[in-house]
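Counting begins at 1 with the first residue of the sequence.
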Amino acid sequence: MTSQLQQAINLAQSLSFAEQLELLKTLSTIVQQTHSLENQITPEADTDFSGESFRTSWRQAVTGQTLPLSELWEGIDVD
C-alpha cells in the first residue's frame, strides 16, 4: 500500500458517517468512470461491474466484514 493511499484511508476514517457515505458515492463514480475508460466501454454497456456491488463491497471492507486471505479458498475443491 502506498503512503498516499494510507493517508487517504486515514483521512476517510476521520470523517463523519455522512461524509464517509458522500465519499463512497464519489469514489464509486470515479471507479466506474475509470473502469469504463480503461475498457473503452460505456457504463450502460458494462455488465461485469455494478456500482451497487462496489458500494456493498466497499461497505463490507470499511466495516471489517472480510475474510482473511488464508480462508478465501476453504471448501473449494479443485481437481
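Other residues sharing a hydrophobic cluster with L21 under the 4.5 Å side-chain heavy-atom criterion for ILVMFWY residues are F17.
T29 is not listed as a side-chain neighbour of T26, based on a closest heavy-atom distance of 4.5 Å or more.
Heavy-atom neighbours of Q4 CD from other residues, nucleotides or ligands within 6.0 Å: at or below the threshold of 12.
Within the structure, side-chain hydrogen bond (donor to acceptor under 3.5 Å, both in side chains) contacts touching residues 8-19 (residues at least two apart or in different chains) are Q6-N10, S16-E19.
With sequence neighbours excluded, the residues satisfying side chain to side chain contact (heavy atoms under 4.5 Å, CB included) with T56 are E52, R59, Q60. Not counting sequence neighbours, S3 has no partner by the side chain to side chain contact (heavy atoms under 4.5 Å, CB included) test.
The two residues S28 and G51 have their closest heavy-atom pair at OG-O, 4.0 Å. When all heavy atoms of Q20 and L15 are compared, the closest pair comes out as NE2-O, 3.5 Å. Between L27 and F54, the shortest heavy-atom contact is C-CE2, 4.3 Å. Heavy atoms only, all atoms of each residue included: L5 and T2 are closest at N-OG1, 3.0 Å.
The distance from atom CG of L23 to atom CH2 of W58, rounded to the nearest 0.5 Å, is 6.5 Å.
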